[in-house]
*Asks:* 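Handing you this structure, nothing more for now.
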Amino acid sequence: MVLLHADADAFLASVEQRDDPSLRGRAIVVAHEVVACPSYEARALGIHAGMPLRQVRRRWPDVLVTGYRPEVHEEASVRLFEIFRRFTPLVEPGSMEEAFLDVTGRDRGDPHGLAVALRAAARDEVGLPVSVGVGRTKLMAKLASRRAKPDGIVVVDAGLEERVRPRLRLDELWGIGPTTYEKLHAAGLFVVSDLHGLDEDDLKRIVTTAMARRLVSIARGTDDATVRLPGPRRSVSASRSFAATRTRSKVVAVLDDCVERAVTRVLGLDDPPRLPSRLEVLVRYDDGAQVLERGPLETPGLDPAALRAAAGHLLERTAYESDGRGVTMVGVALPLPAPA
């Protein structure tokens with residue numbers, strides 16, 4: 001197997017720097033009250049996604065701030081994936097700017113050369129830097145692309161994988177979060193080689209069954225290498241983070257904007273569009289807790305006014321105004337029926 005993990009560097013910020021030459025080489029953030037994407041120049045200062053914008057302005061007053069341009073960002077994503085699919089039809093999206101590509105047999109024994117060509121196409125045709133990791137499994141390809149950033153290539157061949165895999169730190173493995181790592185750490189497990197000799201039953205005493213199975217496969221080098229093609233979208237969502245607030249007008253305005261964006265995305269999927277009959281509203285508070293409310297629409301459809309009204313009703317059901325905590329994110333999801 002030869003897999004690529006292609007990931008556009010600082011995607012939102014790179015799009016802004018592409019379109020405005022005066023921003024190139026400068027510390028910028030794409031933000032609306034909360035940083036969504038810092039450029040690499042901003043990251044070098046210590047700025048990261050999720051940081052309150054007011055903190056950035058206070059500590060780094062010279063950092064430039066740009067707002068969201070959803071239509072432009074989504075158009076760049078579409079063009080990027082068109083390039084990915086030109087190199088192979090076997091593309092599994094991870095987000096709007098990253099994907100796994102199965103190029104087995106298409107690399108002609110030169111995966112590095114293929115990665116060079118992909119990166120050149122992304123730079124020449126979309127104007128964006130893309131880092132690429134090459135590996136035998138998804139884990140190795142993703143770790144390689146992480147090491148390749150920014151704007152580089154890392155190839156993990158069989159010999160390098162044999163040397164590197166046992167030394168991989170468990171807290172750096174894709175999909176292992178802080179809670180899981182704390183449990184592994186408490187059990188004296190720190191790197192992949194610490195898993196050798198343990199089977200699923202041993203690990204199920206520490207972590208979930210699914211995680212135990214995954215850890216065993218990682219230790220044995222049999223972890224996932226299957227690129228799965230996306231089926232028809234089951235739902236479309238839109239969300240936005242902001243500085244903590246309980247102000248009704250602020251929260252409702254952001255929710256209405258999310259509804260508009262979600263409708264635009266649904267209309268861009270199919271012709272004729274699939275009409276949702278249900279709606280979901282998600283609220284996240286300043287302590288990290290989330291509340292999800294679901295409800296039916298009176299009539300399936302994509303009328304923005306009707307969807308805004310339904311979303312507002314679900315928002316009230318979260319009782320966010322009387323909760324006492326500040327709201328830091330709201331979002332909507334439109335579950336879609338299966339294609340006819």
Side-chain angles (χ1 to χ4, degrees), residues 1-9 80-119 121-122 130-149 152-177 180-181 184 189 191-200 202-204 207-232:
M1 298 293 294
V2 181
L3 303 184
L4 307 185
H5 183 255
D7 192 357
D9 299 321
L80 199 59
F81 274 83
E82 287 173 350
I83 290 173
F84 292 167
R85 294 189 178 97
R86 190 189 310 161
F87 282 81
T88 174
L90 302 177
V91 177
E92 179 181 334
S95 65
M96 70 187 301
E97 75 270 14
E98 65 169 314
F100 289 105
L101 291 73
D102 185 341
V103 296
T104 306
R106 297 173 181 270
D107 64 324
R108 299 181 180 180
D110 182 16
H112 184 274
L114 192 99
V116 168
L118 185 150
R119 281 167 30 81
V130 172
S131 292
V132 178
V134 183
R136 185 182 57 84
T137 68
K138 287 181 177 178
L139 172 65
M140 299 310 297
K142 181 135 182 150
L143 290 175
S145 72
R146 189 183 297 171
R147 294 297 177 92
K149 288 183 172 294
I153 301 172
V154 169
V155 177
V156 180
D157 60 20
L160 180 58
E161 178 180 345
E162 184 178 0
R163 296 192 301 274
V164 167
R165 184 181 285 269
R167 301 199 299 267
L168 292 175
R169 286 171 42 185
L170 299 181
D171 60 336
E172 292 184 336
L173 298 185
W174 169 41
I176 294 182
T180 298
Y181 180 67
L184 295 168
L189 304 173
V191 295
V192 168
S193 61
D194 293 335
L195 301 172
H196 293 164
L198 301 178
D199 59 21
E200 284 187 30
D202 296 323
L203 289 168
K204 281 192 292 187
V207 296
T208 65
T209 298
M211 181 56 70
R213 185 176 302 117
R214 181 161 184 263
L215 289 171
V216 168
S217 69
I218 289 173
R220 295 174 178 172
T222 58
D223 43 299
D224 188 17
T226 303
V227 168
R228 296 170 179 81
L229 300 181

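All residue numbers refer to positions in the sequence shown, counting from 1.
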*Asks:* Distance from His196 atom NE2 to Arg220 atom CZ, nearest 0.5 Å?
*Replies:* 10.0 Å
*Asks:* Mind checking side chain to side chain contact (heavy atoms under 4.5 Å, CB included) for Ala6 and listing every partner two or more places apart, or none if nothing turns up?
*Replies:*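 Testing Ala6 for side chain to side chain contact (heavy atoms under 4.5 Å, CB included), a comparison that skips the adjacent residues, returns Phe84, Leu101, Leu118, Val130, Val132.
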*Asks:* So, using side chain to side chain contact (heavy atoms under 4.5 Å, CB included) as the criterion, who are the partners of Glu172 when residues are at least two apart?
*Replies:*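 For Glu172, the residues satisfying side chain to side chain contact (heavy atoms under 4.5 Å, CB included) (neighbours in sequence not counted) are Arg146, Arg147, Arg169.
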*Asks:* Are the side chain of Arg108 and the backbone of Leu114 linked by a donor-acceptor contact shorter than 3.5 Å?
*Replies:* no
*Asks:* A side-chain contact here means heavy atoms from C-beta on lying under 4.5 Å apart; do Asp171 and Ile176 qualify?
*Replies:* no
*Asks:* Suppose we screen for salt bridge (Lys or Arg N to Asp or Glu O under 4.0 Å). Which residues come up paired with Asp102, at least two apart in sequence or across chains?
*Replies:* none
*Asks:* Looking only at heavy atoms, what is the nearest atom pair of Phe81 and Ser95, with distance?
*Replies:* CZ-O, 3.5 Å
*Asks:* Does Arg163 have any side chain to side chain contact (heavy atoms under 4.5 Å, CB included) partners at least two apart in sequence or in another chain, and if so, which?
*Replies:*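 So Arg163 forms a side chain to side chain contact (heavy atoms under 4.5 Å, CB included) with Leu160, Arg167.
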*Asks:* What is the distance from atom CG of Leu4 to atom OG1 of Thr88, rounded to the nearest 0.5 Å?
*Replies:* 8.5 Å
*Asks:* Please lay out, stage by stage, how Val227 and Val91 fare under the test side chain to side chain contact (heavy atoms under 4.5 Å, CB included).
*Replies:* CA-CA 7 Å; Val227 168; Val91 177; 5.7 Å; no
*Asks:* Under the side chain to side chain contact (heavy atoms under 4.5 Å, CB included) rule, collect the residues that match up with Ala121, sequence neighbours excluded.
*Replies:* Ile83, Arg86, Phe87, Glu125
*Asks:* Kindly give the heavy-atom pair with the smallest separation between Leu198 and Val216, and that separation in Å.
*Replies:* O-CG2, 4.1 Å
*Asks:* What verdict does the side chain to side chain contact (heavy atoms under 4.5 Å, CB included) test give for Leu203 and Leu189, after you've listed the backbone C-alpha separation in whole Å, the side-chain angles of each residue and the deciding distance to 0.1 Å?
*Replies:* CA-CA 10 Å; Leu203 289 168; Leu189 304 173; 4.0 Å; yes
*Asks:* Mind checking salt bridge (Lys or Arg N to Asp or Glu O under 4.0 Å) for Asp199 and listing every partner two or more places apart, or none if nothing turns up?
*Replies:* none
*Asks:* Donor-acceptor pairs under 3.5 Å, side chain of residues 133-143 to any protein atom, not counting sequence neighbours: which ones?
*Replies:*
from   : atom 1 : to     : atom 2 : distance (Å)
Arg136 : NE     : Glu161 : OE1    : 3.2
Arg136 : NH1    : Gly221 : O      : 3.3
Arg136 : NH2    : Glu161 : OE2    : 2.7
Arg136 : NH2    : Gly221 : O      : 2.8
Thr137 : OG1    : Met140 : N      : 3.3
Thr137 : OG1    : Asp223 : OD2    : 2.8
Lys138 : NZ     : Glu92  : OE1    : 2.7
Lys138 : NZ     : Glu92  : OE2    : 3.2
Lys138 : NZ     : Asp224 : OD2    : 3.3
Lys138 : NZ     : Thr226 : O      : 2.8
Lys142 : NZ     : Glu98  : OE1    : 3.2

*Asks:* Side chain to side chain contact (heavy atoms under 4.5 Å, CB included), that's the test. Do Leu90 and Thr104 meet it? Break it down for me.
*Replies:* CA-CA 10 Å; Leu90 302 177; Thr104 306; over 6 Å; no
*Asks:* Among residues at least two apart in sequence or on other chains, which ones pass salt bridge (Lys or Arg N to Asp or Glu O under 4.0 Å) with Asp7?
*Replies:* Lys149
*Asks:* State which residues pass ring-ring contact (aromatic ring centres under 6.0 Å, His included) with Tyr181; sequence neighbours excluded, sorted by chain then number.
*Replies:*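 Scan of Tyr181 (ring-ring contact (aromatic ring centres under 6.0 Å, His included), adjacent residues dropped) gives His185.
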*Asks:* Test your reading of the model: is there a side-chain donor-acceptor pair from Thr180 to the backbone of Gly177, 3.5 Å cut-off?
*Replies:*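 No; zero donor-acceptor contacts below 3.5 Å.
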*Asks:* How far does OG of Ser145 sit from CG of Leu3, to the nearest 0.5 angstrom?
*Replies:* 11.5 Å
*Asks:* Starting at CD1 of Ile218, measure out to CG of Leu168 and round the result to the nearest 0.5 Å.
*Replies:*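 Taking CD1 in Ile218 and CG in Leu168, the distance rounds to 8.5 Å.
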*Asks:* What is the minimum heavy-atom distance between Val192 and Ala219, and which atoms define it?
*Replies:*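 Closest heavy-atom pair between Val192 and Ala219: CG1-CA, 3.8 Å.
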*Asks:* Quick one: salt bridge (Lys or Arg N to Asp or Glu O under 4.0 Å) partners of Glu200, sequence neighbours excluded?
*Replies:*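 Residues passing salt bridge (Lys or Arg N to Asp or Glu O under 4.0 Å) with Glu200: Arg213.
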*Asks:* If you compare all heavy atoms of Ser131 against all heavy atoms of Ala148, which two are closest, and at what distance to 0.1 Å?
*Replies:* OG-O, 3.7 Å
*Asks:* Keeping to residues at least two apart or across chains, list the ring pair (Phe, Tyr, Trp, His ring centres under 6.0 Å) pairs with something in residues 91-111.
*Replies:*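 Counting only pairs at least two positions apart or across chains, the ring pair (Phe, Tyr, Trp, His ring centres under 6.0 Å) contacts touching residues 91-111 are His5-Phe100, Phe100-Trp174.
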